Amino acid sequence: MAAMVRRQRPRRLACWALMAVLLADLLALSDTLAVMSVDLGSESMKVAIVKPGVPMEIVLNKESRRKTPVTVTLKENERFFGDSAASMAIKNPKATLRYFQHLLGKQENNPHVALYRARFPEHELGFDPQRQTVYFQISPQLQFSPEEVLSMLLNYSRSLAEDFAEQPIKDAVITVPAFFNQAERRAVLQAARMAGLKVLQLINDNTATALSYGVFRRKDINTTAQNIMFYDMGAGSTVCTIVTYQTVKTKDSGVQPQLQIRGVGFDRTLGGLEMELRLREHLARLFNEQRKGQRAKDVRENPRAMAKLLREANRLKTVLSANADHMAQIEGLMDDVDFKAKVTRAEFEDLCADLFERVPGPVQQALQSAEMKLDEIEQVILVGGATRVPKVQEVLLKAVGKEELGKNINADEAAAMGAVYQAAALSKAFKVKPFVVRDAVIYPILVEFTREVEEEPGVHSLKHNKRILFSRMGPYPQRKVITFNRYSHDFNFHINYGDLGFLGPEDLRVFGSQNLTTVKLKGVGESFRKYPDYESKGIKAHFNLDESGVLSLDRVESVFETLVEDSPEEESTLTSKMSVHTCACVCERVSLCAFQGGGQALPLGLGVESRPSSPLSVWVFFFLELGNTISSLFGGGATPDAKENGTDSVQEEEEGPAEGSKDEPGEQAELKEEADSPTEDASPPPPPEPKGSAAPEGEKTTEKDDGEKPEAQKPSDKGEAGFESVPPAPEEEKKQKPARKQRMVEEIGVELVVLDLPDLPEDELARSAQKLQDLTLRDLEKQEREKAANSLEAFIFETQDKLYQPEYQEVSTEEQREDISGKLSATSSWLEDEEGCRTAELRKLCQGLFFRVEERKKWPERLSALDSLLNHSSMFLKGARLIPEMDQIFTEVEMTTLEKVINETWVIPASIHNPARWAVLGSVGDAEKWRGRPESCV
């Protein structure tokens, strides 16, 4: 018996260790069991979630709609979002903000800021001298930046998702237009940070749409490349995207489908909003003509009237898409004057004739960037609400030369569904089928620097160099390393956009600054003085273009190398000791276990020096490994699938071809300053990737300067790659004096000067986040007050009705009912004050009345139970008295007490309310059946 107990102890310890591991994993994942996506459009947004048991579902808002207007109304004491805010646009147009995303990342002199003022003159835009941006001046006390307004909306979208998922949500994927530059993307990330959201990725809305299309047609994708064009015309802009679908062989997951963005074209201002503004202007002109002889004011000077006209224009545009004409009607448009006018589709098309001429523009841009022809496009698919306009479809169909346009995708929800699929792939809580996503860089980025060269003896001049860092239409995310070989002192270099010749003059003005950052390096000369006997391998700057398309400079290092000679004996001894120590650690920590009878675990020898290890440590480590394995099966760790979806970038320090990639293009890159290069232009872009390439997204593109040899890959003890090769020494010299490389890395100080749009300082960002949190708490308090008022009102009406019901009149007196009715009437007269206290007071007053009614309803059932209990107790008492005296187990006092209680209970029916009697009967009768009955009886 003792031996069995000893054998069971390891099992119990192992089980407890496994349970602890699994519990820790569950606790770690408890905050990430649901993820969300926000498809942030110009006019409306769609929110989708993924949670256990709910795969990819669109969230319904409070009005049970799948689409929520991107509208925020800000007042002194309250805020409104979505449909509630849209309904306030007519009552308070100045405080109702719409299309504010067009101001993100824009300075005050940007043409889009002037365009916003012209479209919405009711909004007062203030000027921020620190960042050269604008903000909304709602009142002298209320002012909010576009980032803060967007943060409010993101927080509202999260509340919708949390109500729908019934659990907290922190992780999100947010869609942004593909043409967003670095400043605009950083502005969205700052807004999400203010809202307390963890952004897994900013995904381009065209990429999200393409992903949704591919996910639901996975079986149709094969090794043959399929080129699909998505034409997305929304409310504010138009984007045309060419996507190639095919299956590729990946290193981790085998053959998987892949989408690659091949070409992108866009028009920032072509969309449904501009059509509605044209219609609004037409309706305003008609209304003014109708009142020409009445000396009336111009309707354009009345913000409320213009808000009504814009809403009617939106309705007209939708109706005219299916009808040849329609009657515009607005009651009390201005000065209590009704407006009524007939508008035909032909008039609408004449108003927007120049807009329809711009429809083919994004198609041509996408074809040029993809270097493809229309014959290579298999299908053109419509996305976005504005593509429902018949004239848009007519012009587009003529431009692409196809028989018909594809409408086999949900034009409103495709981007939201693709984004939430990507969110599930990035989350640790879910496991999805891998789908390789290779997004493309729209705006090329390069590095510029100046160095001194000696053209003739004694004649020095400055040479300006450019090196392409991320080429146009190159894949991302990826990391790049650029090496400066000719600097031994502190210097500066610049990060700017590359050739933007594909943008027109107006687009360049809207784009903003083409200079991103000036990088000032400090400590270069000091690093050279620190290692005078070492050979310099250059100053290496590590760049990262992450999944969100945001560029960052990870670090700058000064790298040195030298040859260190060691005696063969010392090296052999050291190597031997390290091998023994390593194997011993492996034997101790990773003792392989084999299960034998009785659950015993026996360590298997590894053929090296054995080191004692306790059985408990072996068991704990084994079950920790088992727990990690089980956790990975449930999505508790990073999975290869997440990498295939383009979520994991390549290793941070890569200066040569990646291991296993060798000379295959499209893997790693190092851009080095060329010492003797005669050219001053940027290095040529990488060669086009061959079809069927198996390189997953996130890997870098090999780019080498002319005349420059790639660094040879040679692993070191630290696992670093990319050492430059050293000429091999003769074999005799090797044997006598073996040498090894010693590498020293010195961190270089970096000072960044942002040139495009300065980010919000940390203290200002914290103040904005706190301000928004205070507003959220104020809204929650208001909601609680409203709930209390609704609860009080419902209680008053319900109780007043009950006072006249017969069952309540039977258990109460007239005086009691009059007292309750009087207090109910008094409370209903001031429902707005102290709702919670009044509700509690009234409930306490009526509690006795309600209790007596409930008790009266239960009397028949309880009397029947009491009758049965008394019968059983009487039979039990009779049986107990028949037991012989020698075998009697009950005392006379006990039987006498029971008989007395039975008799009294039969005689006094009121004893049903006596808990003591139930306790006595239950203790000697059917105790288990009647246990707990006294409490329910009282």
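Here the structure is a predicted model, which is why all the values come from computation and not from measurement. These values consider heavy atoms only, across backbone and side chains, with no hydrogens, waters or symmetry-generated copies.
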Could you walk me through whether Arg778 and Glu781 pass the salt bridge (charged side-chain N to carboxylate O under 4.0 Å, His left out) test, one step at a time?
CA-CA 5 Å; Arg778 187 192 68 184; Glu781 291 176 359; over 6 Å; no

Under the 3.5 angstrom rule, does the side chain of Ser151 hit a backbone N or O of Ala191 as a donor-acceptor pair?
yes

Are Tyr213 and Phe230 an aromatic pair by the rule of ring centers under 6.0 Å?
yes

Consider only side-chain N and O atoms of Asn206 and Asp232, and report whether a donor and an acceptor are under 3.5 Å apart.
no

Are there more than 12 heavy atoms of other residues, nucleotides or ligands under 6.0 Å from atom CD of Glu404?
no

With rounding to the nearest 0.5 angstrom, report the CE to CD1 distance, Met473 to Ile261.
7.5 Å

Test Met229 against every option in Leu367, Val243, Thr241 by the side-chain contact (heavy atoms from CB on, under 4.5 Å) rule and name the one that passes.
Leu367

Have Asn227 and Thr244 got a donor and an acceptor in their side chains that come within less than 3.5 Å?
yes

On a heavy-atom basis, the closest approach of Leu355 and Leu270 is O-CD1, 3.5 Å

Do side-chain atoms of Gln226 reach the backbone of Asp220 as a donor and acceptor pair under 3.5 angstrom?
yes

Criterion side-chain hydrogen bond (donor to acceptor under 3.5 Å, both in side chains) on Thr269 and Arg358, from CA distance to verdict
CA-CA 10 Å; Thr269 57; Arg358 292 159 54 185; 2.8 Å; yes

Does the ring pair (Phe, Tyr, Trp, His ring centres under 6.0 Å) test come out yes or no for Phe266 and Phe179, once each step is laid out?
CA-CA 7 Å; Phe266 57 87; Phe179 51 77; 5.4 Å; yes

What I want to check is whether the side chains of His123 and Arg117 have a donor and an acceptor closer together than 3.5 Å.
no

Got a second to check how far Leu97's CG is from Thr73's OG1, nearest 0.5 Å?
7.5 Å

Can a side-chain donor-acceptor contact be found between Gln258 and Tyr245 if the only test is distance below 3.5 angstrom?
no

Would Asp171 and Ser427 count as having a side-chain donor-acceptor pair, cut-off 3.5 Å?
no

Could you check whether any side-chain N or O of Ser84 sits under 3.5 Å from a backbone N or O of Phe80, counting only pairs where one atom can act as donor and the other as acceptor?
no

With side-chain hydrogen bond (donor to acceptor under 3.5 Å, both in side chains) as the test, would you mind laying out the steps for Thr238 and Asp267 before giving the verdict?
CA-CA 5 Å; Thr238 300; Asp267 190 325; over 6 Å; no

List the residues meeting salt bridge (charged side-chain N to carboxylate O under 4.0 Å, His left out) with Glu122, not counting sequence neighbours, and say none if there are none.
none

Without hydrogens or angle criteria, can the side chains of Asn204 and Thr175 be said to hold a donor-acceptor pair below 3.5 Å?
no

Is a donor on one side and an acceptor on the other found under 3.5 Å between the side chain of Ser37 and the backbone of Ala419?
no

Hey, does the side chain of Arg158 reach the backbone of Pro168 with a donor-acceptor pair shorter than 3.5 angstrom?
no

Does the Gln770 side chain pair with the main chain of Leu765, one donor and one acceptor, at a distance under 3.5 Å?
no

I'd like to know whether Tyr99 forms a ring pair (Phe, Tyr, Trp, His ring centres under 6.0 Å) with Phe120, so could you lay out the CA-CA distance, the side-chain angles of the two residues, the decisive distance to 0.1 Å, and finally the verdict.
CA-CA 10 Å; Tyr99 302 99; Phe120 307 102; 5.7 Å; yes

Before giving the answer on side-chain hydrogen bond (donor to acceptor under 3.5 Å, both in side chains), spell out for His102 and Arg268 the whole-Å C-alpha distance, their side-chain angles and the decisive distance to 0.1 Å.
CA-CA 9 Å; His102 298 174; Arg268 280 179 176 259; over 6 Å; no

Report yes or no: do Glu148 and Ser768 form a side-chain donor-acceptor pair below 3.5 Å?
yes

Applying salt bridge (charged side-chain N to carboxylate O under 4.0 Å, His left out) to Lys106 and Glu184, what does each step give before you reach the verdict?
CA-CA 8 Å; Lys106 306 287 194 310; Glu184 292 167 316; 2.5 Å; yes

Considering all heavy atoms of both residues, which atom of Ala178 and which atom of Val239 are nearest to each other, and what is their separation?
CB-CG1, 4.5 Å

With no hydrogens and no angle check, is any side-chain donor or acceptor of Lys402 less than 3.5 Å from a backbone partner on Ile377?
yes

Carefully, step by step, assess Arg186 and Asp756 under the rule salt bridge (charged side-chain N to carboxylate O under 4.0 Å, His left out).
CA-CA 11 Å; Arg186 295 200 307 268; Asp756 55 348; 3.0 Å; yes

Answer yes or no: is there a donor N or O on one side and an acceptor on the other, between the side chain of Asn410 and the main chain of Ala414, under 3.5 Å?
no

Does the Ser321 side chain pair with the main chain of Lys317, one donor and one acceptor, at a distance under 3.5 Å?
yes

Donor-acceptor side-chain pairing of Thr71 and Arg98 below 3.5 angstrom
no

Does the pair Arg315 and Glu312 meet the rule for a salt bridge (charged side-chain N to carboxylate O under 4.0 Å, His left out), with working shown?
CA-CA 5 Å; Arg315 190 183 69 87; Glu312 183 65 13; 2.4 Å; yes

If only atom types and distance count, is the side chain of Gln393 paired as donor or acceptor with the main-chain N or O of Thr387 below 3.5 Å?
yes

Heavy-atom count around Lys407 NZ within 6.0 Å, excluding the residue itself: above 12?
no

Evaluate the criterion side-chain hydrogen bond (donor to acceptor under 3.5 Å, both in side chains) for residue pair Gln201 and Gln422; output intermediate values, then yes/no.
CA-CA 9 Å; Gln201 181 180 350; Gln422 184 72 353; 3.0 Å; yes

